[in-house]
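Note on naming: letters A, B, ... go to the chains in the order of the sequence lines (proteins, then strands), and numbering restarts at 1 for each one.
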Number of protein chains: 2
Amino acid sequence: MTIKEVSEKFGISQDTLRYYERVGMIPPVTRSSGGIRNYQEEDLGWVELAKCMRNAGLPVEAMIEYVKLTQEGDSTFAARLQLLTEQREALLEQKEKIAATIKRLDHKIRRYEDAVKTGVLSWENN
Amino acid sequence: MTIKEVSEKFGISQDTLRYYERVGMIPPVTRSSGGIRNYQEEDLGWVELAKCMRNAGLPVEAMIEYVKLTQEGDSTFAARLQLLTEQREALLEQKEKIAATIKRLDHKIRRYEDAVKTGVLSWENN
DNA sequence: ATAATGCTTTGAGCGCACTCCAAGTCAAGC
DNA sequence: GCTTGACTTGGAGTGCGCTCAAAGCATTAT
């Protein structure tokens, strides 16, 4: 699969795909004899993983570390486990914050729905 | 309340507090005769709101727009309602993405827990 | 063979959200 | 009155995560 196809498949720009590879967020991609990227199944798996992690807001740094450990082989299972666990914690925390903010927005939205109907905003700080 | 106290109360740097005010993410803060910030209850409410929204990852831009509308008075209820609703949507989406990633991490973590015990990682792409 | 297209690398540039710095002002204690 | 320390402003600098540009090589269509 060419970089163009991968770009379209995942909705990630070619520049970003090259960037991910360059900084080590995905392992080196399979190349043709002429040095042109030819993404295999495994490469696609990495791209998909990277996209998922970045979507959730995980730092690029964490992904780079994970890829590095993976490439160092079976002796890094424990380190990878720890890394994943830490990142999971961070995501849970972030999810909590978002949930709290949504709750707050819901409350404000209800007040504004009233305000739009009645012309008066029920009082409360901001 | 001085900027120093507010900074400590909310865990936001003085620089950031001034930045928030400068860009309009919170309305102008009450000042002493000498021009020194003296945060009142209402100002604190705005700071707290700003912190909550930023914690959830809402763009500064959105908060600026909301503050602007608020200062334009009662004619902007509908616009404020729309803004809040949009931001709520964005947060819900982000929460979904995080939830999906957590699920995925959970799965990987289970595999690595096994791997650490047995020395073998059950196969699966990355 | 030539032109067009699309890939390659390297390195610079950008937008966001701060964060730091310089130079100056103010307020409180000695 | 003078020093100290916290405050002020305006503007420059930083880190992250891309994003773009320049210059050159490869592949395909004519």
Quiz item: Under the side chain to side chain donor-acceptor pair (under 3.5 Å) test, which residues partner A:R31, sequence neighbours left out?
Solution: A:E21

Quiz item: What string of B, S and - do you get for nucleotides 22-30 of chain C, 5' to 3', when a contact is any protein heavy atom under 4.0 Å?
Solution: ----SS---

Quiz prompt | Side chain B:Q94, main chain A:N55, donor-acceptor under 3.5 Å | solution = yes

Quiz item: Reckon B:R31 has a side-chain N or O less than 4.0 Å from the OP1 or OP2 of D:dT9?
Solution: yes

Quiz item: Does any pair with a residue in residues 44-61 of chain B pass salt bridge (Lys or Arg N to Asp or Glu O under 4.0 Å), and if so which ones, sequence neighbours excluded?
Solution: A:R104-B:E48

Quiz item: Side chain of A:S13, backbone of A:T16: donor and acceptor closer than 3.5 Å?
Solution: yes

Quiz item: Any side-chain N or O of A:R37 under 4.0 Å from OP1/OP2 of C:dT8?
Solution: yes

Practice problem: Let me know the distance between CD of A:E5 and P of C:dG6, rounded to the nearest Å. | Solution: 12 Å

Quiz item: In terms of side-chain geometry, is the basic nitrogen of A:K4 or A:E8 positioned less than 4.0 Å from the acidic oxygen of its partner?
Solution: yes

Quiz prompt | Integer-rounded Å distance: D:dA26 C1' and A:N38 CG | solution = 14 Å

Practice problem: May I ask you to evaluate whether B:T2 reaches the phosphate of D:dA6, defined as a side-chain N or O under 4.0 Å from OP1 or OP2? | Solution: no

Self-check item: Spacing of B:Q14 atom CD relative to D:dC7 atom C1', expressed in whole Å
Solution: 8 Å

Self-check item: Side-chain heavy-atom pair A:L91, A:L58 within 4.5 angstrom cut-off
Solution: yes

Quiz item: B:S7 side chain to B:I3 main-chain N or O, any donor-acceptor pair under 3.5 Å?
Solution: no

Quiz prompt | Verdict with supporting geometry, B:M63 and B:W46, side chain to side chain contact (heavy atoms under 4.5 Å, CB included) | solution = CA-CA 10 Å; B:M63 208 35 215; B:W46 281 108; 4.2 Å; yes

Self-check item: Separation of D:dC18 P from A:K51 NZ (nearest whole Å)
Solution: 12 Å

Quiz item: Going by heavy atoms closer than 4.0 Å, what residues in residues 85-101 of chain A are next to DNA chain D?
Solution: none

Quiz item: Does the side chain of A:T30 come under 3.5 Å of the side chain of A:D43 through a donor N or O and an acceptor N or O?
Solution: yes

Quiz item: Roughly how many Å is it from CD1 in A:I3 to C1' in D:dA26, rounded to a whole number?
Solution: 15 Å

Quiz item: Just wondering, more than 12 heavy atoms not from B:E86 lying within 6.0 Å of its CD?
Solution: yes

Quiz prompt | Per-nucleotide protein contact string for nucleotides 11-20 of chain C (B base, S sugar-phosphate only, - none; heavy atom under 4.0 Å) | solution = B-----BBBB

Exercise. With sequence neighbours excluded, tell me which residues meet salt bridge (Lys or Arg N to Asp or Glu O under 4.0 Å) with A:D106.
Key: B:R88

Self-check item: Spacing between A:E8 atom CD and C:dG6 atom C1', to the nearest angstrom
Solution: 13 Å

Quiz item: Between B:E21 (CD) and D:dT9 (P), how many Å, whole number?
Solution: 7 Å

Exercise. Measure from CG on A:L17 to C1' on C:dT9 and round the result to the nearest Å.
Key: 16 Å

